[in-house]
Colleague: 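There's a structure below that I have some questions on.
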Amino acid sequence: MNLLAPPRARLPIEVVYDLVCPWCYLGIRRLRRMLRSRPDVLAELVWRPFLLNPDLSPQGVPRQDYMARKFGGEDRARRLHGTITDLGRAEGIEFRFDRIRRIPHSLDAHRLVRWAGRFGAADAVVEAIFEAYFTEGADIGDAHALAGIAAHQGLDGPLARRFLSTVAEVEAVHADNLRAHRLGINGVPCFVVGGRSAIAGAQEPEVLERLLDVALAEG
């Protein structure tokens, strides 16, 4: 420990996000990059679930059907995905939308993040779920797949599977989703820094850093 180093400023950052949102993956990756450049700040990421598709079947829906309903078909979806694929590459993300066969309901994935938080592993599990879904095309609505993700992060896979077989944290996820809407958050990602300053969208690290400095100045 360097006793001469100045104390690090502690700062909570609430991340309102959905695990099926590619812009959230991109925005969170940019946030992490910005925080690595600020060793003077000890940030605590607080994960706040947002359900982009709350009425989706628990089993999810075929990707083709979802794309037709949301984007009017594969052609428009492909153009949008091309844009975010290029942006993701700059952040070290390999988006592979072509590997996704089903659009899952994200409730259980959010529940797993909350469960992982009990063991100090929420940050790692968020990243792992994003990668499994957007790079490998894993069905993150499937409890077996989610338990496997937990196990790969050093957690107890069978214990995660048992947790997901219950209704634990279901109400908590829905409550956070409702809270976000009541705060006027209608899109994700949204970052709330220090409980005051907020910004929506997959912002560039420089923009996020300005928000960070505002929050630190307000103290």
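Just so you know, these numbers come straight off a predicted model, no measurement behind them.
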Colleague: Counting heavy atoms not belonging to His152, are there more than 12 under 6.0 Å from its NE2?
Modeller: no
Colleague: Mark yes or no: Arg89 above the aromatic ring of Phe95, with NZ or CZ under 6.0 Å from the six-membered ring centre and no more than 45 degrees from the axis.
Modeller: no
Colleague: When clusters are formed by joining ILVMFWY residues with side-chain heavy atoms under 4.5 Å apart, either directly or through shared neighbours, do Leu26 and Leu80 land in the same one?
Modeller: yes
Colleague: Go through the steps to decide whether Asp108 and Arg111 satisfy the test salt bridge (Lys or Arg N to Asp or Glu O under 4.0 Å), and finish with yes or no.
Modeller: CA-CA 5 Å; Asp108 280 351; Arg111 291 173 61 216; 2.7 Å; yes
Colleague: Is it the case that Trp47 and Asp123 place a side-chain donor and acceptor less than 3.5 Å from each other?
Modeller: yes
Colleague: Looking only at side-chain N and O atoms, does Asp139 offer a donor or acceptor that is under 3.5 Å from a partner on Tyr133?
Modeller: no
Colleague: Is the closest side-chain heavy-atom distance between Glu14 and Arg48 below 4.5 Å?
Modeller: yes
Colleague: So does Arg30 pair up with Glu204, basic N to acidic O under 4.0 Å?
Modeller: yes
Colleague: If we only count heavy atoms from C-beta on, is the Val20 to Pro104 side-chain gap below 4.5 Å?
Modeller: yes
Colleague: When clusters are formed by joining ILVMFWY residues with side-chain heavy atoms under 4.5 Å apart, either directly or through shared neighbours, do Ile13 and Phe50 land in the same one?
Modeller: no
Colleague: Which pair of heavy atoms, one from Ala77 and one from Met67, lies closest together, and at what distance?
Modeller: CB-SD, 3.7 Å
Colleague: Are any of the side-chain heavy atoms of Val15 and Val188 separated by less than 4.5 Å?
Modeller: no
Colleague: Salt-bridged, Arg78 to Asp75, with N to O below 4.0 Å?
Modeller: yes
Colleague: Walk me through whether His110 and Tyr17 qualify under ring pair (Phe, Tyr, Trp, His ring centres under 6.0 Å).
Modeller: CA-CA 10 Å; His110 281 299; Tyr17 74 114; 4.9 Å; yes
Colleague: So does Arg118 have more than 12 non-hydrogen atoms from other groups sitting under 6.0 Å from CZ?
Modeller: yes
Colleague: Is it possible for you to say whether Val16 and Leu45 belong to one hydrophobic cluster, with membership spreading through side-chain heavy-atom contacts below 4.5 Å?
Modeller: no
Colleague: For Pro54 versus Leu51, what's the shortest heavy-atom pair and its separation?
Modeller: CD-O, 3.3 Å
Colleague: Check whether Leu56 and Ile129 end up in the same hydrophobic cluster, where Ile, Leu, Val, Met, Phe, Trp and Tyr are linked by side-chain heavy atoms less than 4.5 Å apart.
Modeller: yes
Colleague: Tell me which one of Arg32, Arg33, Arg29 satisfies side chain to side chain donor-acceptor pair (under 3.5 Å) with Glu91.
Modeller: Arg33
Colleague: Has Asp156 got a side-chain atom pairing as donor or acceptor with Leu159's backbone, closer than 3.5 angstrom?
Modeller: yes
Colleague: What is the distance from atom CG of Leu31 to atom CD1 of Ile199, rounded to the nearest 0.5 Å?
Modeller: 11.5 Å
Colleague: Can you tell if the side chain of Glu218 reaches within under 4.5 Å of the side chain of Ser197, non-hydrogen atoms only?
Modeller: yes
Colleague: Does a salt bridge link Glu136 with Arg96, judged by any charged N lying under 4.0 Å from a carboxylate O?
Modeller: no
Colleague: Can you find a pair of side-chain heavy atoms, one from Leu155 and one from Trp115, that are under 4.5 Å apart?
Modeller: yes
Colleague: For Ala145, is there any backbone N or O sitting under 3.5 Å from a side-chain donor or acceptor partner on Asp142?
Modeller: yes
Colleague: Contact between Arg63 and Arg102 at the side-chain level, heavy atoms closer than 4.5 Å - yes or no?
Modeller: no
Colleague: Where do Leu164 and Ala143 come nearest, in terms of heavy atoms and distance?
Modeller: CD1-O, 3.8 Å
Colleague: Report yes if the side chains of Arg114 and Asp176 come closer than 4.5 Å at any heavy-atom pair, otherwise no.
Modeller: yes
Colleague: How about Leu19 and Val113: do any of their side-chain heavy atoms sit closer than 4.5 Å?
Modeller: yes
Colleague: Would you say Thr135's side chain and Glu94's backbone share a donor-acceptor pair under 3.5 angstrom?
Modeller: yes
Colleague: Any chance you could measure Ile103, atom CD1, to Arg69, atom CZ, to the nearest 0.5 Å?
Modeller: 9.5 Å
Colleague: Where is the tightest heavy-atom contact between Ala200 and Gln203, given as atom of each residue plus distance?
Modeller: O-NE2, 2.7 Å
Colleague: Taking all atoms of both residues into account, what is the closest heavy-atom pair of His105 and Ser57, and its distance?
Modeller: CB-O, 3.7 Å
Colleague: Below 30° counts as parallel, above 60° as perpendicular, anything between as tilted: where do the rings of Phe134 and Phe97 land?
Modeller: perpendicular
Colleague: I need the minimum non-hydrogen distance between Leu52 and Cys21, along with the two atoms involved.
Modeller: CD1-CB, 3.6 Å
Colleague: Same cluster for Leu183 and Val193 if Ile/Leu/Val/Met/Phe/Trp/Tyr side chains link at under 4.5 Å?
Modeller: no
